Amino acid sequence: MAEHLARLNPEQRMAVETLEGPVLVLAGAGTGKTRVLTTRFAHLLLTGRASPGQILAVTFTNKAAREMRERLAALLGRPVEGLWLGTFHALAARMLRRYAGLVGLDANFTILDADDQLRLLKQVMEAERIDAKRWPPPLLMGQIQRWKDRGEGPRAVTAAMAGDLAGGRLPALYSAYQARLKALNAADFGDLLMYMTEILRHNPDLLGQYHRQFRYLLVDEYQDTNVVQYLWLRLLAQAQHNICCVGDDDQSIYSWRGAEVENILRFEKDFPGAKVIRLERNYRSTAPILAAASALIAHNAGRLGKTLRPGSEARAPEASERVAVLSLWDSEEEARAVGERIEAWRRSGESLAEMAVLVRAGFQTRAFEERLITLGIPYRVIGGLRFYERAEIRDAIAYARLLVQPGDDLAFERIINVPRRGVGAVALRALHERARAADTPLTATAAALLAEGALRGRAGEGVRGLLAHLAIWRETLAREGHVMAMRALLDESGYTDMLRADKSPEAPGRLENLKEFIRALADFETLAGFLDHVALVMENEENTTSDKVSLMTLHAAKGLEFDNVFLPGWEEGVFPNPRALEEGGIKALEEERRLAYVGITRARKRVVILHAAQRRIYANWQDSIPSRFLDEIPEEWLARGGSASRQARPLPGTRGAVTAFPLHARAPTAKARGIVVGSRIFHQNFGHGTVVAAEDDRLEIAFDEAGTKHILDRFVEPA
DNA sequence: GGATCGCTGATTTTT
DNA sequence: TCAGCGATCC
């Protein structure tokens, strides 16, 4: 252990060894936060202060939890059993399964995802006769979620808090929605923490039990906690006060999801006698990168205050490049410039996996994707649809849920007619009406209607077939286990046949996904265990080993690092995001600035910030001026360039495109450059290709991606 | 029950 | 510009 401690700097060591009482570790970007967390964890175990089950360690993401678990095992030289280490939601769910009865749920309650939540809300809105046109369900759902994030159940919500949403009937809708969830034996994400907080608050015995169990609390990313998470932590910490929170107020970028920076700003008040430890030595980035990031974030008010300093001598300023700022004429040129640099760096031996393009909004990745495809550069887009959100996977999950819980109406509705069983809107409405009247789940209702002969024709046959199958699959589940049962289900339900018959280009991929689904099932002992995992861990395990450029939003980039980082779209109108500013004013501007700070501090070696003078927004071109954030970084840390920069004015009458052979330059002929029929060439717009014919200065080229085209020779270069 | 038309609206989204 | 939807038609 001494060895692990010896590897820490004095502040880190303090953060690890201050075990008693509340501790707030303010960890700037790249200052060894994870190392501190895991070493502290190991330290508690190795000094015999606590056993694994006596430490509650909370993270926000499954990824962070996994990393902590792995690094802890590495530190200790063996995997650790019996840990209470996980995300807020996973830990709350684990607790709630034990005490579900206290809030009117069964232990095997279903955890609904966003999609289910919305469908359920729509149904309740219909029942409550609230016009979904006038009040978009996502808007109302958003408000309900914000209440849950603050720990406010339907009873805590007043008419004043709801305003005129849903014509002033949102509180009633909220109540009805919660009642419906309970009737379905289901909880949404917000419920997990809200219910658990409620339970702890009203059951002192139970709380006392947890107090005796959890002697130490460790919390990661504290700046991102919302009110209910804070309340939950405070309840659990109120006996022993041994709570250690790690976070960075400068990286709080999730306020729009209910996170309250105030939690971290208030820490010393909330936990009297708290010790605050600052980690400011950055071991990640070069000095110019740190200086630029620090100067930028200094424009925010109300910070706890930290200054990142280069942590090691090797990162001396003169040894490093300044932050590059490229001013371009338009967004297409911006994409080209990024592509060119990536190629240049790749040629000089940099790995693609160490390059990332970080954008403000998801749609921005498209331009770069297109460019990279043209150039034949491998890339991956992080974010987007995740594995468990794909339609075929969600269908399979719905079937699985129905096996485990016959009363799962949402699952039933999802798959009742997938594959087609002739059950349409009419039959479904009849089912619903009866179910509501008899207050029975849809499956039971369907059986009753069939028995009465009230469900006939195609729909009747379809429903009868499904119910019979479900009974058989449940038997298979009991006898041969969940993997066999699900395999049988996918075949016998006609689901795989449906996909096989599907001629669309996506169908083969969907079948492949289902195979992957079956493989994933095998990692779990029970179907219920798998379903819990799916609900709480919704993620893709994409292999990060392949050498690809990463494209993602700034939000998705938090916690990651790369040698080389591109930050495109630094323009007013794009970044800071105008909608955010509209909604949140100065607070939102500061959050946007933190986002910029997160972006810059992802880089170890180089940052390239780009902005374009013109950008096409939807249909039309718009003039753009550089982002105000660029003005907030002192020139001394910047190296300006690009066709539209002051240093690089283009020739009059040209658009200043950065092409190998600009329009205004006379390029050598194809022959002079050794381009003949059969040559591999490269074209700025169409990428790589092969020359199939040549006549004078005209070439016919079969491009790898763009098809065959006639091109003047001066626009291509040898590949 | 499924295909087609036309309108709308378009940030971020750890769980 | 364009995807995603609800309404409408066959």
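Letters A, B, ... mirror the listed sequences (proteins, then strands); counts begin at 1. The shown structure was predicted, so the numbers you read here are calculated from the model rather than taken from an experiment.
Considering only side-chain atoms of A:Tyr254, the nucleotide from B:dT15, B:dT11, B:dT14 that sits closest is B:dT14. Checking B:dG1, B:dT12, B:dT14 against the side-chain heavy atoms of A:Trp256 singles out B:dT12 as nearest. Checked against B:dG1, B:dT12, B:dA10, the side chain of A:Arg579 finds its nearest nucleotide in B:dA10. Side-chain proximity of A:Thr553 to the nucleotides B:dT15, B:dT12, B:dT14 is greatest for B:dT12. If you check B:dT15, B:dT14, B:dT12 against the side chain of A:Ala361, the one that comes closest is B:dT12.
When the nearest nucleotides of DNA chain B are assigned to A:Gly422 and A:Glu583 by heavy-atom distance, the more 5′-ward of the two goes with A:Gly422. In terms of position along DNA chain B, the nucleotide closest to A:Arg420 lies nearer the 5' end than the nucleotide closest to the other residue of the pair A:Leu554 and A:Arg420.
At the phosphate of B:dT15, OP1 or OP2 sits under 4.0 Å from a side-chain N or O atom of A:Asn62.
Heavy atoms of A:Asp113 sit nowhere under 4.0 angstrom from any nucleic acid atom. Note on A:Val423: only backbone sugar-phosphate atoms sit closer than 4.0 angstrom, heavy atoms only; bases stay farther off. In this structure, A:Gly362 reaches the sugar-phosphate backbone alone: every heavy-atom distance under 4.0 Å involves primed, P, OP1 or OP2 atoms, never a base. A:Arg360 comes within 4.0 angstrom of a nucleotide base, judged by non-hydrogen atoms across all strands.
Inspection of the A:Asn577 and A:Arg360 side chains reveals no N or O donor paired with an N or O acceptor under 3.5 Å. No side-chain donor-acceptor contact under 3.5 Å links A:Gln251 and A:Tyr597.
Atom pair A:Asp532:CG and B:dT15:P shows a separation of 14 Å (rounding to whole Å applied). A:Glu389 places its CD atom 8 Å from the P atom of B:dT14, with the value rounded to the nearest Å. In this structure, the CZ atom of A:Phe88 is 16 Å from the P atom of B:dT14, given to the nearest Å. Distance A:Leu595 CG to B:dT14 C1': 14 Å, rounded to the nearest Å. Rounded to whole angstrom, the span from the CE atom of A:Met141 across to the C1' atom of B:dT13 amounts to 14 Å. We find that CG of A:Leu193 is positioned 13 Å from C1' of B:dT14, with the value rounded to whole Å. The CD-C1' distance, from A:Glu582 to B:dT11, rounds to 12 Å in whole Å. Note: CE (A:Met552) to C1' (B:dT14) measures 14 Å, nearest angstrom.
Each salt bridge (charged side-chain N to carboxylate O under 4.0 Å, His left out) pair with one or both residues in residues 134-151 of chain A, not counting sequence neighbours, appears once here: A:Lys148-A:Asp188, A:Lys148-A:Asp191, A:Arg150-A:Glu152. Residue pairs meeting the ring-ring contact (aromatic ring centres under 6.0 Å, His included) criterion with at least one partner in residues 124-149 of chain A, sequence neighbours excluded, are A:Trp147-A:Tyr174.
Atom name P, nucleotides C:dG4 and B:dT11: the rounded distance is 14 Å, in whole Å. The same atom, P, is picked in C:dC5 and in B:dT12; the two are 16 Å apart, to the nearest Å.
For A:Glu126, the CD atom is loosely surrounded, since the number of other residues' heavy atoms within 6.0 Å does not exceed 12.
Exactly one residue among A:Val261, A:Ile297, A:Leu265 makes a side-chain contact (heavy atoms from CB on, under 4.5 Å) with A:Arg303. That residue is A:Ile297.
Side-chain contact check for A:Thr365 versus A:Val357: every heavy-atom pair is 4.5 Å or farther apart.
Think of the region where chain A sits on DNA chain C: with heavy atoms and a 4.0 Å cut, that region ends 5' and 3' at C:dT1 to C:dA7.
Using a 30° and 60° split on the angle between ring planes, A:Tyr210 and A:Phe214 fall in the parallel class, below 30°.
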